[in-house]
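Here's the structure we're looking at; comments come further down.
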Amino acid sequence: MTLSTTSATPVHDGTVDKKNITRLIVATSVGNALEWYDISVYAYFAVYLSKAFFPANDPTTSLLLTFGSFGLSFLIRPIGGVVLGAYADRHGRKASLMLSIVLMTAGTLVLALMPTYQTIGILAPIAVMLARLVQGFSAGGEFGSSTAFLVEHMPERRGFVASWQFASQGVSGLLGAGFGALLTSLMSPEDLQAWGWRLPFLFGVLIGPVGIYIRNHVEDATPPPAAGKQGSPVREVLTRQKLATLLAIGALAVSTAVNYLIVYMPTYVVKTLNLAPSVGFIAAFAAQTAVALLAPIAGLVSDKIGRTTHMILFALLLLVSIFPAFLLLTGKPTPMIILLGVLWLGVLKSLYYGPLAALMSELFPPATRATGLGLSYNIGVTLFGGMGPAIMTWMGGFALIGELAPGYYLTAVCILSLGALFTIRRMRLA
């Protein structure tokens, strides 16, 4: 198997004016932001959702059920990535992007309006789980289609345009953390538990129609292949592009793990450090601001110096920063220390994150790009991101690990990503 490190033949002549490329970035970013906004809000408000939908005698058990459902919804993401990715490779990126945003909006509406366990009993957690599965399927198809859509419109600046995939995730996380900081500061715990947690989800429902409208007014860089002219993109990826898929998963691992650590931070601050939830929300808000601002800059730099050179540097900085940061967080858990520690990890993650989507897209040829991206991205996010909060909660129960559980977890994942990056670099030089 050979890696498509040059992304094969460009599917576009590169002549995209600034007005059009801005419209294309907005079209993909709005939908991508909605996909991730709901995911981040669910995790940020996990403490409140656990009491509303997953009540148990032990608060930790209730929280594990909530994060378990969070992680379980990620198990369907690779299926969404394959199904919607193959749909994009066969019928065009736009068709897949329209379907994914409609599904995500519907799932968000269900979560916003769902009666609690106290009102309708066991039907509440079942319905929440089904809504999360729909959203997981939808989010699974979003990354591959939208990344392929962007890089094929502007192949000479892949790093910059693809970085908006993650910048938009930063914006959505910023909005979710902002809602958390605002609501925990202005509302009483009783009101927040009773109905306040629904407000961020209702806001997400309002974003959906805007994204649908904008996406309906953009076009693919090239038309989809004619019927019968293309084999199965899923079969091609699974049989001939396995190494590319594994390397893409490995490169993604540390970035998605740090991302979900930031999402997990409000819960970690309350349950492990015994501080006010607003401390965790403010720290997460600062980190997500860094992602929104720095990811495009990192993508732009990678267009000039190369993806692996840039990413290896910041992966090494992450590796030497993770454990000292958590020793500081647990040893002196003041609001300022937590803010600075999480912000530093957020800055390093942002600078690593920026070129990642472009790097992954360059591992797959255009004919299978959306499928390959969707499969590798969603397996990586499921294994190292979606299950991360549940794994860190579980690890924290061991006496020898305790408060340092996130540090152990992230260090191991960072080493894995470095291995993938050095392998990609070596194969490119071969």
Checklist entry - How would you list, by chain and number, every residue that makes a side chain to side chain contact (heavy atoms under 4.5 Å, CB included) with L238, sequence neighbours excluded? => result V234, L375

Item to check | Minimal non-hydrogen separation, V413 against A257, with atom names | outcome: CG1-CB, 4.0 Å

Next on the checklist: Can you tell me how far apart CD1 (I207) and CG (L202) are? Round to the nearest 0.5 Å.
Outcome noted: 11.5 Å

Checklist entry - Salt-bridged, R215 to E142, with N to O below 4.0 Å? => result yes

Item to check | Test item: S96 side-chain N/O and L84 main-chain N/O as donor-acceptor pair under 3.5 Å | outcome: yes

Next on the checklist: Could you measure the distance from the CG atom of L175 to the OH atom of Y37? Nearest 0.5 Å is fine.
Outcome noted: 6.5 Å

Checklist entry - What distance do R235 atom CZ and T371 atom OG1 have between them, rounded to the nearest 0.5 Å? => result 12.0 Å

Next on the checklist: Looking at every heavy atom in both L373 and S376, which two are closest together, and how far apart are they?
Outcome noted: O-OG, 3.4 Å

Checklist outcome for this item: Minimal heavy-atom distance between T105 and G208, with the atoms involved, is OG1-CA, 3.3 Å

Item to check | Given D89, T368, V82, the one that forms side chain to side chain contact (heavy atoms under 4.5 Å, CB included) with V237 | outcome: T368

Item to check | Passing option when F179 is tested against F45, F201, F203 for ring pair (Phe, Tyr, Trp, His ring centres under 6.0 Å) | outcome: F203

Next on the checklist: Around atom NZ of K94, are there more than 12 heavy atoms from other residues, nucleotides or ligands closer than 6.0 Å?
Outcome noted: yes

Checklist outcome for this item: Nearest heavy-atom contact between A290 and V347 is CB-CG2, 4.0 Å

Checklist entry - Do the side chains of L359 and L421 get nearer than 4.5 Å, heavy atoms only? => result yes

Checklist entry - Any sub-3.5 Å donor-acceptor pair from S417's side-chain atoms to C414's backbone N or O? => result no

Checklist entry - Would F143 and V381 satisfy side chain to side chain contact (heavy atoms under 4.5 Å, CB included), going step by step from the backbone distance to the final call? => result CA-CA 11 Å; F143 179 82; V381 169; over 6 Å; no

Checklist entry - Which pair of non-hydrogen atoms, one from Q193 and one from Y48, has the smallest distance, and what is that distance? => result NE2-O, 2.8 Å

Item to check | Close side-chain approach of Q241 to P365, heavy-atom, < 4.5 Å | outcome: yes

Next on the checklist: Which label fits H153 and F149: parallel for a plane angle under 30°, tilted from 30 to 60°, or perpendicular past 60°?
Outcome noted: tilted

Next on the checklist: On a heavy-atom basis, which atom in G299 and which in S302 lie closest, and how many Å separate them?
Outcome noted: O-OG, 2.7 Å

Checklist entry - Does S350 use its side chain to pair, donor to acceptor, with the backbone of V291 at less than 3.5 Å? => result yes

Checklist entry - Got a sec, which residues hit side chain to side chain contact (heavy atoms under 4.5 Å, CB included) with P125, two or more places apart in sequence or on another chain? => result F54, Y117, I122

Item to check | Verdict with supporting geometry, Y42 and V128, side chain to side chain contact (heavy atoms under 4.5 Å, CB included) | outcome: CA-CA 11 Å; Y42 186 92; V128 167; 4.3 Å; yes

Checklist entry - Do F364 and T245 have side-chain heavy atoms sitting under 4.5 Å apart? => result yes

Checklist entry - With side chains defined as the heavy atoms from C-beta onward, is the minimum distance between M114 and I120 less than 4.5 Å? => result yes

Checklist entry - Would a 4.5 Å heavy-atom cut-off, applied to side chains only, mark L133 and F137 as touching? => result no

Checklist entry - Does S163 reach the main-chain N or O of F160 with its side chain, forming a donor-acceptor pair under 3.5 Å? => result yes

Checklist entry - What is the distance from atom CG of L318 to atom CG of L410, rounded to the nearest 0.5 Å? => result 8.5 Å

Checklist entry - What orientation do F53 and W197 show, parallel under 30°, tilted 30 to 60°, or perpendicular over 60°? => result perpendicular

Checklist entry - If we ignore angles and hydrogens, is there a donor and acceptor under 3.5 Å between the side chains of T28 and Q165? => result no

Checklist outcome for this item: OG (S232) and CZ (R90) are apart, to the nearest 0.5 Å, by 6.0 Å

Checklist entry - Is a donor on one side and an acceptor on the other found under 3.5 Å between the side chain of R93 and the backbone of S145? => result no

Next on the checklist: Within the 4.5 Å heavy-atom criterion, are S255 and F166 side-chain neighbours or not?
Outcome noted: no

Checklist entry - Nearest 0.5 Å, what's the CG-CE distance between L99 and M104? => result 12.0 Å

Next on the checklist: Is there a side-chain contact between P233 and E236 in this structure, where contact means two heavy atoms from C-beta onward sitting under 4.5 Å apart?
Outcome noted: no

Item to check | Backbone N/O of D303 and side chain of R157: donor-acceptor pair under 3.5 Å | outcome: no

Item to check | Verdict with reasoning, T382 to I379, per side chain to side chain contact (heavy atoms under 4.5 Å, CB included) | outcome: CA-CA 5 Å; T382 299; I379 290 176; 5.8 Å; no

Checklist entry - Would you say the side chain of F384 lies within less than 4.5 Å of the side chain of L252, judging by non-hydrogen atoms? => result no

Checklist entry - Considering residues at least two apart in sequence or located in another chain, which fulfil the ring-ring contact (aromatic ring centres under 6.0 Å, His included) criterion with Y352? => result none

